[in-house]
Amino acid sequence: MYVCICRGVTSSQIQREVSEQDGKSSVREINERLGCGKDCGRCCSSIKQIIQQSGTNSSNPA
Amino acid sequence: MKLASNTCSTLNKVLTNELTGINQHFLHARMMKNWGFESLNKKAYKRSIEEMKDADDLIERILLLEGLPNLQQLGKLLIGETPEECLECDMTFEQQKIDQLRKAIADCEQAQDYISRELLEKLLEHGEEYLDWLETQQYLIANTGTQNYLQSQI
Ligand code: FES
Ligand SMILES: [Fe+2]
């Protein structure tokens with residue numbers, strides 16, 4: 001689904017980015033790279049959640 | 001007629017959710033249309049208009065109670081990338097909406113604001129009806145397969 005509506009960034013894009021960085025990304029780093037979270041900021045908590053979930057489940061391929 | 005300040009904030013929170021619903025369903029409707037799923041477009045479009053009418057009723061009620069309806073606040077939209085995902089997102093949305101309405105109805109009951117309660121009951125009915133339709137779609141997807149289901153929605 002679309003996580004960041006303002007920039008059209010999807011959950012799979014964020015998951016891919018997190019797994020490429022071995023699950024060590026912060027919300028700010030993800031926002032820098034994908035451009036999400038920079039307008040209304042309403043997606044930041046969802047982005048954080050995705051990072052945490054990807055971190056606990058490092059075999060996540062998407 | 002002056003209302004208790006917590007009734008005002010309860011009704012405004014419900015209003016935020018209704019306004020969010022207008023936009024979520026409207027965007028999903030036109031995404032469905034763009035993908036060529038005309039009957040899913042129609043269904044979501046109708047739901048969006050229904051939400052707008054619900055919001056209208058809430059706005060009028062809040063004004064009658066001498067509060068200020070907050071049309072500035074909007075919740076997070078849950079938008080899918082595929083038709084199935086859109087339906088899933090709508091399901092999540094309607095479920096949290098129903099939970100919120102049940103609590104709000106209990107609050108109005110406690111404040112002895114029976115007219116607001118009646119209004120919220122109508123919104124709850126709309127939400128339950130749509131959730132029931134969404135559940136039917138998920139059942140159809142699970143039992144006939146996504147391909148066949150989508151074929152039937154053109
Ligand atoms: S939804 Fe991501 S910045 Fe607005
Ligand atoms: Fe509604």
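Hydrogens, waters and symmetry mates are skipped; everything else that's a heavy atom, side chains included, is used.
Residue A/C43 touches chain B through both its backbone and its side chain, counting heavy-atom pairs closer than 4.5 Å. At a 4.5 Å heavy-atom cutoff, B/L27 makes no contact with chain A through either its backbone or its side chain.
A donor-acceptor distance shorter than 3.5 angstrom exists from the side chain of B/K76 to the backbone of A/V3, with no hydrogens or angles considered.
Sorted by first then second residue, the side-chain hydrogen bond (donor to acceptor under 3.5 Å, both in side chains) pairs that include residues 38-47 of chain A, not counting sequence neighbours, are A/R7-A/D39.
Within a 6.0 Å radius of NZ in B/K122, more than 12 heavy atoms belonging to other residues, nucleotides or ligands are found. Within 6.0 Å of the CD atom in B/E118, the count of heavy atoms belonging to other residues, nucleotides or ligands does not exceed 12.
Clustering ILVMFWY residues whenever any of their side-chain heavy atoms sit less than 4.5 angstrom apart, transitively, puts B/L58 in the very cluster that holds B/L63. Linking ILVMFWY side-chain heavy atoms closer than 4.5 Å, directly or via other members, places A/Y2 and B/M32 in a single hydrophobic cluster.
With rounding to the nearest 0.5 Å, the separation of CG in B/L78 from CD1 in A/I5 is 8.0 Å.
Heavy atoms only, all atoms of each residue included: A/M1 and B/E81 are closest at N-OE2, 3.2 Å.
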